[in-house]
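These notes are about the structure you will find just below.
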Amino acid sequence: MLQRKVVIWLIGIVCLLGTNPAVARYNESHMLAKLVKEGKLPPVEERLPEEPRVIEPLEEIGQYGGILNVADLDPYNAIDARSLRRHGLFRFSEDCTEIIPDIAKGFEISEDKKTFTIHLRKGLKWSNGVPFTVDDILFWWQDIVLNKELTPIIGRLWKPGGELARFEKVNNYTLRIHFAEPYPVVTQLGHSFGSGQGGLYDPKHYLKEYHIKYNPKANEIAKKEGYEYWWELFKVVRNPGYNQWNIDVNLPTLDTYVIKKIALDYQVWERNPYFWQVDTVGNQLPYIDTLIDRLYGNQEVLNMKVMSGEIDIASFSLLLSDYPLLKESEKRGNYRTFMWKTAIGAAVAFAPNQNHRDPVLREIMQNIKFRQALSLAINREEINEIVCFGLAIPRQATVLPTCSFYKEEWDRAYAEYDPEKANELLDKMNLKWNKNQSNRLRPDGKPLSILIEYYSGEGPRTAICELVEEYWEKIGIRVALKPEDRSFYNQRANAGLLDIGLWHLDCVTELHVYGQPHSGKMLSFDGGCGWAKQWELWFNTGGKQGKEPPEEIKLFYKDMEDWSLVTTKKEYVRLAQKIFDFHAKQLIYIGTVGMAPWPVIVKNNLKNVPTQGWWSWDSNFWIAFEPAQFFFTQ
Amino acid sequence: MSEDNIKALLEIKNLKKYFYIEKGFWKKIVGYIKAVDGINLYVSKGETLGLVGESGCGKTTLGRCILRAIEPTGGEVLFRTEEGITVDITQLDKEDLRLIRKDMQMIFQDPYSSLDPRMTVFDIIGEPIVINKIAEGKELKDRVKDLVKVVGLNVKHLKRYPHAFSGGQRQRIGIARALAVNPKFIVADEPVSALDVSVQAQILNLMQDLQKEFNLTYLFISHDLSVIEHISDRVAVMYVGKVVELADTEELFFRPKHPYTEALLSAVPKLDPRLRMERIILLGEVANPANPPPGCYFHPRCNYAKAICKNVEPEWQKVGPDHWATCHRAGELNLRGVT
Amino acid sequence: MNNNNSLLELKNLRTYFYLDEGVLKAVDGVSFKIKREKTLGLVGESGCGKSVTAQSILRIVPHPGKTEGEILFYQNNKKVIDLARLDPFGKEIRNIRGNEITMIFQEPMTSLSPLHTIGNQIMEAILLHQKINKQKARRLAIEMLDKVGIPIPSQRIDEYPHQLSGGLRQRAMIAMALCCKPNLLIADEPTTALDVTVQAQILELMKDLQKEFGMSIIYITHNLGVIAEITDEVAVMYLGKIVEYGSIDEIFHNPLHPYTVRLLKSIPKVGRKARMRLESIKGAVPLPLGLPRGCRFYPRCPQFKEGLCNLDNPPLVEVQEKHKVRCFLFG
Amino acid sequence: MVIVLWAVSITAFVIIQLPPGDFLTSYIMKLEASGQIVDEAEIAALRKQYDLDSPIHLQYCKWMWKMLHGDFGKSFEWNRPVRDLIAERLPLTVTISIFTLIFTYLLAIPIGIYSAARQYSIGDYTFTVFGFIGLATPGFLFALILMFFFYRYFGISVGGLFSPQYQLADWSGAKFIDLLKHLPIPVLVIGMAGTAGLIRIMRGCLLDELRKQYVITARAKGVSERRLLFKYPVRVAINPIASTIGWLLPGIVSGQTIVAIVLDLPTVGPLLFRSLVNQDMYLAGSSIMILAFLTVIGTFISDILLVWLDPRIRYEKQAR
Amino acid sequence: MKNKQDKTSLEEKYYIASQWQLMWRKFKKHKLAIFGGTILSIFYFITIFCGFFSTQDIYKRHTQYIYAPPQRIHFFDEKGFHLRPFVYGLKRKIDPVTFRRTYTEDRTKKYPIYFFTHGDKYRLWNLFPTDIHLFGVKSGGTIFIFGTDKLGRDLFSRNLHAARISLSIGLVGVFLSFILGCILGGISGYFGGTVDMVIQRVIEFLISIPTIPLWMCLAAALPPHWSPIKVYFGITIILSIVGWCGLARVVRGKLLELREEDFVMAAKIAGATDYRIITRHLLPSFLSYLIVNITLAIPSMILGETSLSFLGLGLQPPVVSWGVLLQDAQNVRSVALHPWLLIPGLFVIITVLAFNFMGDGLRDAADPYK
């Protein structure tokens, strides 16, 4: 055993000595080397681009080989496996403050924020060896986005100020995108989802076959496959990557791994021979040859598999509440357990419905004192203690401290536990107690009661709600809880029928907090809570429908609009602070605890995985930690 | 038959009851069992008509059809009421049927299943009285007590449930129930065949006593020829849904006209070891009513069968005074009766 | 009365059932002898213990029942076996059952397994007791079926019981009982469930077969007519005891015990003057559970003598040769 | 039978239509949850593609029409023909079902026989109590506890039917043995309730049969007690039980879904459940149809089996 | 002589014993059934007074005692035996690595248990406000006989309150099944013909639909804005829709059998109307069978509720039922670290077992005339 280790180390040293990027000599996995020898694959130098992306290994230069076993629970949310292999033209830094070029070599945003230039790597190839060029991006834009059948209506992201963006091919490796107005939100493109396959580019050479524009017989092919129209099949083949389980096995990719086999309960991925990353000594990445993603039917089986060491790396499908169990089973499962921070502003945020149908309740909800009282009545420390092992941060619902415009006071706004003050505020609102001092009364004499409808999945909502129910009952508000099915909750929220909306507050990092109208929860009138659907309608219809909001809300809306068009950093910070000051004062969202920790499981022999990090969708989970450089010590 | 019509309390004309054989999901009728196949009979007031036959010959079905306890398939059952009106029972509606049933009752074979185990003796006997609103309150009590005395049971036992009684006693309860509505006509369906020999005599005696006391008319159904002979004034012999012979008891037992009757009489074991005699042993067994042989149903077992018997169904014919038989050769044969 | 002529002798046979409610004395001190090639009739009303007596002989009394006394079986090789001492589940008794002593039952439908062909069931009996192969057993079974008068036996042998009529089923039962040529056939109400015409057939058959096989028969029935028809000797049972025992002629023409007398009088007879009043026995047969002291019949007896009948159990006295009575009237 | 199936097909269709929203709504929610951007336009296109815009009765007719032609449609979620998906799951489902059946019968019948033959013995009481406990324990709880128990004390990770190294492998002897190793727990859990019930039925039937006259006949023939028990009453008592195989099979396939979910077995049940949750219309509908069809067919098979096993019924039908 | 008189009066008692008295006689002999019946009566009795028997308010949290294990009741301490039982205080320790809370007995703190103590206020049968509990400890101490849950709520009290819903859901559900089954089965069996065929087909159809999809569809059909009470009734209806088929078949079969009995014929001949025959003769005759069937159907309802809760289709948290309590327990974490969360499962098992035992006894006693 020892001998073997020594030998491997020696090989490692030899590799180190022999691979100098300056010499442009690259190393490859034994698996690929074999294929090259057999003549089935061109040599590694030919497969890599002129300037491969060089990744500095976190701890040490890795070793090739091994199978990475990953577990997921849902083909749509096969996040662990997906973020371990997916790439975009760009990605966000771990804390979502920067955009880092990934597939692309780099980008520029013009001074006026109207032009976005992307530089691609020369010689970068698809997983089948076909070169990747600007044409692939243009194919996506012209033949998919601009195709009426594939995209009947183009999303707002590509129409700042209502005018469609313009794509300009400078050369095979340079692309310019022009917008009609200053458009800083374009940084959203830096997210690896948005700039990944299906998000900004598609393999033209492969998909051409299925596109009517390039292949007049496309309709016939579709019919043969059991579809009516070519675009139906085209969509299936193209697979923008939502559902990991219906990927076309032959679809070329730029990702780390290429799909080899799909069964109902597992997938096998193998290394992309044309993968374009190398480590500092010129080893072509990834180190690990194979990735197997297993789909488990339920959380408990997945936990058991993790605990018995059958899973090499896991996080997305784990639960904080299972941490003690996972930690205790470390030895048996031969893994390490880390606690990472999440980029969630509030595990549960409440949004009192400002446009409630009941005028009496609406007036109460719109009263800022009422929202302040609700917030003050919540014992955040206790929630933290009970639900998050005291590891989260009791805070108001606001952006993360990593944001450049962050103010600490937002965190603390009405976030202390002060039921007396809350009662005082309610007393001031003239919400009187009933005879036996058990409940406050509304001005119309009815008991003041709130129904909390909520979707019971995603995080510890039920536990927090049960606690909040009690806190609020203490200040005389009768609370009823009603867990609901997700789709039903969304229907109710969308229709603005809730008394008080409830969702977790995500999209609160620098690069995410603004941008896409849908994701920036704090900048919307919905945010999964439907807290001001009438106002939203008023804005959306230009005042034709819905209810006219008060002046301050109009101002708030204008600030948000303005913020998405700023061109200078100073203006950017000023407006952002104005917006979140407003939030902190108005308490549109009432937070509980935020940045709760997240368990991460890494097998002991899996190296180059950081022990501390941000576990968040915003930075696309694993991708921020360069999973291609993870490796197994042999 | 016509001359007797005047005194007949009950007359059955061409009565039929077919059971359908259904098959498959759609209950398609694939055939039928002619349990009662065109029977003509009459019962005079005050007499006992014995109905005898082997198992499956349709005698119980006939008894039930008469009371319309089961719906006959065809034919008429004419009953003369107290007022002298003759009604066809098969044509009555529910209400009238209920009224007429006061005059017609039934005694069942099985003394166990014929009494509701969940009712007291009082309730069982009182039920017909209550239903027909004959009496209530104290009058009801008195009446039930009287009935109980009449059938020879202890008045003290009225609160008991049937499970407290032996077979004979139960049969007495059954008889008391039948008598409760003052019927004129009673169908006794094998009332003694489930009883022990020593008890059987008690019940037979009781029935005879009651007949005298209340001027009852019985249709007495039994497979036991000795019991039939003992109790009946006239006897009808049934074979596979048809009456094959009908005559006064003595006439039938001593001068049978149908070969089946002869065989039947011969087959009964005699109560005297010295009388072990040569019997007429019939071949085979009673024909299957679902699939009877052509011609005379009895011909495969008949010692006297001729060609005609195999093909032609014999007519119901008068073979003597008050003596009818269904046999082609009834006139010519000289059959052996009881010796 | 020499032993050579006897086949089976019961001495003070007692079969009690130990129930929760008390001890049910189904058979309480029964003694009788069966001679070779003769027929003994065991007659009585329901609950008199006649069937249990038969079951006791074969030691197949159902669960809570216990058999005591002596059942001496004189085998052909002059060996005497006390069946009462054998283990009811043992090999010895099993070798006798179905071989030397066989039994037929009342209900021919339920007595045959519905799921096996009659051939299978007959052959089973043959194969159990005779060392022959299956083909031979089958031939033997067909032969037997032929003997009991089943038409086309080679076909019928493969039919199931429900395909046969009641009479044929009983014939098959008889074939099964006779296939090993038993010395003793116990017939427990074999014709009760049958129609009179069929009953006559079966009785005739049994008489013929007895002659042919030279076996003894214990014929159990409640029907005195049948008894008169077929038996040589009769034992009248009442509540677990034999009350009268004698030759067939004696019993029918000179009955002594009040019970026998009354029983015979209570039965309507064919050919008598009709509509005569029958004599009956008052009351009903009680359950043999917690019986009163004294003669078992006294509560129903018209000749009951206070202070005698209700105190002591009368002994079985031989009043005449071949005629015994259990009554104080004949002490 | 056809009518029942037709009624089931309508119900199946209604069942999958009844929950609020449709596949697309839950699909979009999922995408949003995982951070995808779905705009109205795409939704509209998808609606059209999945044919969710046409009236329900038309959707139903289309579905039926296709099904009658052997086309069960395509699963929205897996984007594969429903037929393939079910075909992928069916072999293992049937394997588990058969093993469960065998287990159930192997355990229940001898115990039932023992309990009946030794009625009111200590053994009888023990089995009775254990049987009832099996009947009384919620399957999912038992499965979970058993799973953890095996993990903790035997170090076996339960769930699924294969060890990781065999999951991807092609069929081989070793893989089959691996499968056999994984079978005990699911079979035990799934079979538990059924076994308990079966023991009761077997015992009851046998007790009835043991009192029958033909048993006495056989005894009077000199048949030994053991042979007596097995040749006659057991044979008769097994009939009603054996004939239940037909409807036990679909029962195991569909009824044990919960256990299969807990143990994460690759069977049809969890697939069906998942499709129902996601409102994967064609997959759910077809699964329901197939299960209902199995039930109807199962009942039919049971009838046939009973006829085949019991000559009484066999000839009764013929005679009629 | 006296003995004889006793005997006859005893006999007479037997002779005038009605069906129910006879059934009771037979039932009494079945020891397991009596055992089951006793357990159930105790359960139901406790359920009726669950506020009184529980030690605290079921929503009261003890933040300091999250996931506390069951506390042992002691009679002995270092000083020896005490007539008055007591519990020790709990000392909490949080593992700095695994964050697991562990509790040890604090021997320095002793809390004697008092009976009929004043504790949390509750309303008996929602009517009478009171604060008397069967037992409890003086303030400052805690008594968690079954431990606590994730919010530090007393599981003993929660289990008792859960019993109220779980035990009644079986009764209500079976009651509904009973009505449906009786009416439809009765019509089907008594009148026969086309009605019979239609009802039989409906039953066949309902039976051939797999249960889980049926449940899911019905659960989805419950209007979501319903209050927990309404949902509760909704769930019982769901369970009974599946449940009535079996009952209807029993009723029908029994009716068909009874219709052929001579005493029914006798009543008919006596001139009894259909109504009278059904109510006076048929119904009493198969009532006992129905009771047996109902007894055996209740456990499946109770199990059904837990299964529904498992699938997330049943009752939801603020309401407590055994199924809801088990939701917290159906994960590896609970089995491994907080096994006392499984106690409701034990209750389910015991209840179902008791019902089955009782049903078995009733079945044996159902027909005292055979």
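Fair warning: this is a prediction, and the values are worked out from it, not measured in the lab.
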Report task. Hey, could you give me the CZ/CZ distance between E:Phe263 and B:Arg177, rounded to the nearest 0.5 Å? Result -> 10.0 Å
Query - Carboxylate-amine/guanidinium proximity below 4.0 Å for B:Arg98 and E:Asp274 - result: no
Report summary line: Applying a strict 4.5 Å limit to non-hydrogen atoms, the region of B:Ser113 in contact with chain E is both
Report summary line: Honestly, the part of B:Leu115 sitting under 4.5 Å from a heavy atom of chain E is backbone
Query - Most contacts with chain B, counted as non-hydrogen pairs under 4.5 angstrom, among E:Met265, E:Arg280, E:Glu261 - result: E:Met265
**Report entry** Atom group of B:Lys102 that falls short of 4.5 Å from chain E, counting heavy atoms
**Finding:** neither
Query raised in the report: Can you say whether B:Asp116 sits under 4.5 Å from chain E via the side chain, the backbone, both, or neither, judging by heavy atoms?
Result: both
Query raised in the report: Taking every heavy-atom pair that is under 4.5 Å apart, which of B:Ala178, B:Gly174, B:Ser114, B:Ala180 has the most such pairs with chain E?
Result: B:Ser114
Query raised in the report: What are the two closest heavy atoms between B:Gln105 and E:Ile269, and how far apart are they?
Result: NE2-O, 3.4 Å
Query raised in the report: Taking atom CZ of E:Phe43 as the centre, does the number of heavy atoms from other residues, nucleotides or ligands within less than 6.0 Å exceed 12?
Result: yes
Query - Between NZ on residue E:Lys268 and CZ on residue B:Arg64, distance to nearest 0.5 Å - result: 10.0 Å
Query raised in the report: Would you say B:Phe19 has more than 12 foreign heavy atoms packed within less than 6.0 Å of its CZ?
Result: yes
**Report entry** Minimum heavy-atom distance B:Ile131-E:Ala272, with the two atoms named
**Finding:** CD1-CB, 3.4 Å
